[in-house]
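Here's the structure we're looking at; comments come further down.
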2 protein chains.
Amino acid sequence: MAGHSGAPGRSVTSRALGLLDAFDSATPRLSLSEIAERSGTPLATAHRLLGELAGWGALTRRADGRYEIGRKLWDLGLLAPVQMELRQVAAPFLQDLHNTIRDTVHLAVREGLQALYVERVSGRESVPMVSQVGSRLPLHATGVGKVLLAAAPTDVVERALRSLTRQTRHTLVDPGRMRRELAEVRRRRYARTSEEMSAGAASLAVPVQLERSNGPLVVAALGIVVPPHRRDLPRLVPVLEVAARGIGRELTRTRDFR
Amino acid sequence: MAGHSGAPGRSVTSRALGLLDAFDSATPRLSLSEIAERSGTPLATAHRLLGELAGWGALTRRADGRYEIGRKLWDLGLLAPVQMELRQVAAPFLQDLHNTIRDTVHLAVREGLQALYVERVSGRESVPMVSQVGSRLPLHATGVGKVLLAAAPTDVVERALRSLTRQTRHTLVDPGRMRRELAEVRRRRYARTSEEMSAGAASLAVPVQLERSNGPLVVAALGIVVPPHRRDLPRLVPVLEVAARGIGRELTRTRDFR
DNA sequence: CTCAGCTTTCCACTGGCCGGGAGGAGTGCA
DNA sequence: TGCACTCCTCCCGGCCAGTGGAAAGCTGAG
């Protein structure tokens, strides 16, 4: 009386992949039973599938029996376009920028209603830091986020305005004000925040544009994070712009060969 | 007369994962039929499985129909221990090092008989560069490789000595000489190369050690790449050592909490 | 128009997947 | 030392999800 019975319509493959969903940055190491529970898979099944994943190299089994993401997935991840096209081109520019201005520099793209941080160069001391390569933060409370939102299609903007979550007491949560703020960002071609995401941190960001025959396209945002009391931010805008244009130009060149 | 017949013993999961093996840094974008051929999977089967992989987010389908690695795999890859433990700890040190000495700095671990580059900070100009985050180079022809090999178990050393492939006319390919070279590396606690991997590039590397109750353990190598004519390399050794010890200390601290 | 090369869909057949449950290994407590 | 508990590994018969050859779309070139 064994046989098939598990949730119908779920393919083997989707189950196996579902197991990987159990891993996230908060819990990068999991035991068999944790994975089984998180993914709603019977223990025996999870055990078998995890064995296959580990055999291929998607996961590694540690000495204590827990599983973690394997080197093969790391390798494959490096081939993702986020990584390849953008990061590789941008890295030296972020580098230079960081050498010049000494503050934390980062590059983000829009993913839905969030800013996805794809590259970062940070000083050692610096300000309290929330972002990290791979992390996602709300568009409305970060410098890079505002830049990306200002360039996003109308429906994205509308959805974003409907979900202005408060992060600190300085976060802009009024749709009207945010709308004006975005117009301002488009006009000035840069965005600022001051303790809107986390206390003790201000930021400045500019768009990175790809030149196309039918006009420019914002593909990313380049930003810096600084202590909020610094009053010389406007002075840094041109520096950011130079780097952003450099990245944009390089991207336009390499993008052609496709 | 259709039904099952494909190579028996191959599980669905392993087939699906096998499709991912078709992707590598030389070919990060592939069409359905390319993937099917590379992986030896019948077209119809590949099509179905790729659909599932894309549905989950492991792959993305581009407008032109070709597949590429998806954002989900990128995310998961960032959770791999190579990335997490080592890279995160080491990044600021590499940063400082690069600010001080201006040359390309990188960090590698041993993977079998190869040096796997896990992190890199490079100048813009610099020397012709082969290594890149995620790339693998032979142990015997690179600075970091020699350091890692010098610390490797005997059987690894023996296997490596049996496969000293020539990369340039300066590559050490004589097992006897290499054996002496490794002894020297252990004694001096740093390694050098001069155009042994690629013409126009010399390197210098030191070990990164984890302190354990039963003695130190070499977990990585920290190296720089410079033009071969520079004669002040020995002067840089202490600088590298300071950074390497910093990384090692930090690793030892965080490793404790496991 | 035809043709070639690719992708997508169809569908009858069957062997690989399923998972409850037994047994093993490791750990904490008395 | 024995017992209770948790976590992992393995087994095995029933059956449905996966299989892949073939044929039908879909381009774009000539």
Side-chain angles (χ1 to χ4, degrees), chain A residues 1-23 27-70 256-258, chain B residues 1-23 27-70 256-258:
Chain A
M1 205 171 297
H4 265 264
S5 60
R10 297 232 42 188
S11 67
V12 204
T13 313
S14 71
R15 283 171 173 235
L17 294 172
L19 295 179
L20 296 177
D21 281 325
F23 294 86
T27 55
R29 283 193 269 275
L30 295 166
S31 71
L32 167 60
S33 29
E34 284 168 333
I35 298 175
E37 187 182 13
R38 276 164 173 261
S39 60
T41 314
L43 203 70
T45 305
H47 179 253
R48 179 169 27 81
L49 293 176
L50 286 172
E52 291 209 68
L53 289 169
W56 180 74
L59 299 174
T60 308
R61 191 131 201 212
R62 297 158 41 97
D64 64 4
R66 289 191 291 177
Y67 294 86
E68 58 192 7
I69 301 296
D256 287 340
F257 100 102
R258 277 233 150 186
Chain B
M1 205 172 297
H4 264 262
S5 58
R10 297 230 45 189
S11 67
V12 203
T13 313
S14 71
R15 282 169 175 237
L17 295 172
L19 295 179
L20 296 177
D21 281 326
F23 294 85
T27 55
R29 284 193 268 275
L30 295 166
S31 71
L32 166 60
S33 28
E34 285 169 332
I35 299 175
E37 187 183 13
R38 276 163 174 263
S39 62
T41 313
L43 207 69
T45 306
H47 178 254
R48 181 168 25 81
L49 293 177
L50 286 171
E52 291 210 68
L53 289 169
W56 180 75
L59 298 174
T60 310
R61 191 132 201 211
R62 296 158 41 98
D64 65 3
R66 288 189 291 176
Y67 295 86
E68 58 192 7
I69 301 296
D256 288 340
F257 98 103
R258 279 228 148 190

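Judged by distance alone, with hydrogens and angles left aside, the side-chain atoms of B:S39 form a donor-acceptor pair with the main-chain N or O of B:I35 at under 3.5 Å.
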For B:R38 and B:T27, what are the C-alpha separation, side-chain angles and deciding distance, and is it a side chain to side chain contact (heavy atoms under 4.5 Å, CB included)? CA-CA 11 Å; B:R38 276 163 174 263; B:T27 55; 3.2 Å; yes
Between B:F23 and B:L59, is the side chain to side chain contact (heavy atoms under 4.5 Å, CB included) condition met? List the steps. CA-CA 10 Å; B:F23 294 85; B:L59 298 174; 3.8 Å; yes
Check the pair B:L53 / B:Y67 against side chain to side chain contact (heavy atoms under 4.5 Å, CB included), numbers first and verdict last. CA-CA 10 Å; B:L53 289 169; B:Y67 295 86; over 6 Å; no
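Distance check: A:L17 CG to A:S11 OG gives 8.0 Å after rounding to the nearest 0.5 Å. The CG atom of B:L30 sits 11.0 Å away from atom CZ of B:R62, with the distance rounded to the nearest 0.5 Å. Separating the OG1 atom in B:T41 from the CG atom in B:L49 is a distance of 7.5 Å, to the nearest 0.5 Å.
What you find for B:A16 and A:T13 is that their closest heavy atoms are CB-CG2, 3.9 Å. Of all heavy-atom pairs between A:R15 and A:T45, the closest is NH1-CG2, 4.1 Å. For B:T60 against B:G70, the heavy-atom pair with the smallest separation is OG1-CA, 3.3 Å.
Note: CZ (A:R29) to P (D:dC7) measures 18 Å, nearest angstrom. To the nearest angstrom, C1' of D:dG20 lies 9 Å from CZ of B:R15. Between B:L30 atom CG and C:dT7 atom C1' the separation is 16 Å, expressed in whole Å. Straight-line distance from the CG atom of A:L32 to the C1' atom of D:dC10: 13 Å, rounded to whole Å. The interatomic distance linking B:E34 (CD) with C:dC6 (P) rounds to 9 Å, in whole Å. What separates CZ of A:R10 from P of D:dC16 is a distance of 18 Å, to the nearest Å.
Closest-nucleotide positions on DNA chain D for B:V12 and A:S31 were compared, and the one nearer the 5' end corresponds to A:S31. Residue order along DNA chain D, read from the 5' end via each residue's closest nucleotide, puts A:G65 first among A:T13 and A:G65.
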Bracket string, DNA chain D, 5' to 3' - pairs by Watson-Crick or G-U geometry under 3.5 Å, | interstrand: ||||||||||||||||||||||||||||||
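Under 4.0 angstrom from either OP1 or OP2 of C:dC6 there lies no side-chain N or O belonging to B:R66.
Side chains of A:E68 and A:P28 form no contact here, defined as non-hydrogen atoms less than 4.5 Å apart.
Taking a 4.0 Å limit (strictly below) on heavy-atom distances, residues 49-61 of chain A reaches DNA chain D at A:R61. Shown for residues 41-48 of chain B: residues whose heavy atoms fall under 4.0 angstrom of DNA chain C, namely B:L43, B:A44, B:H47.
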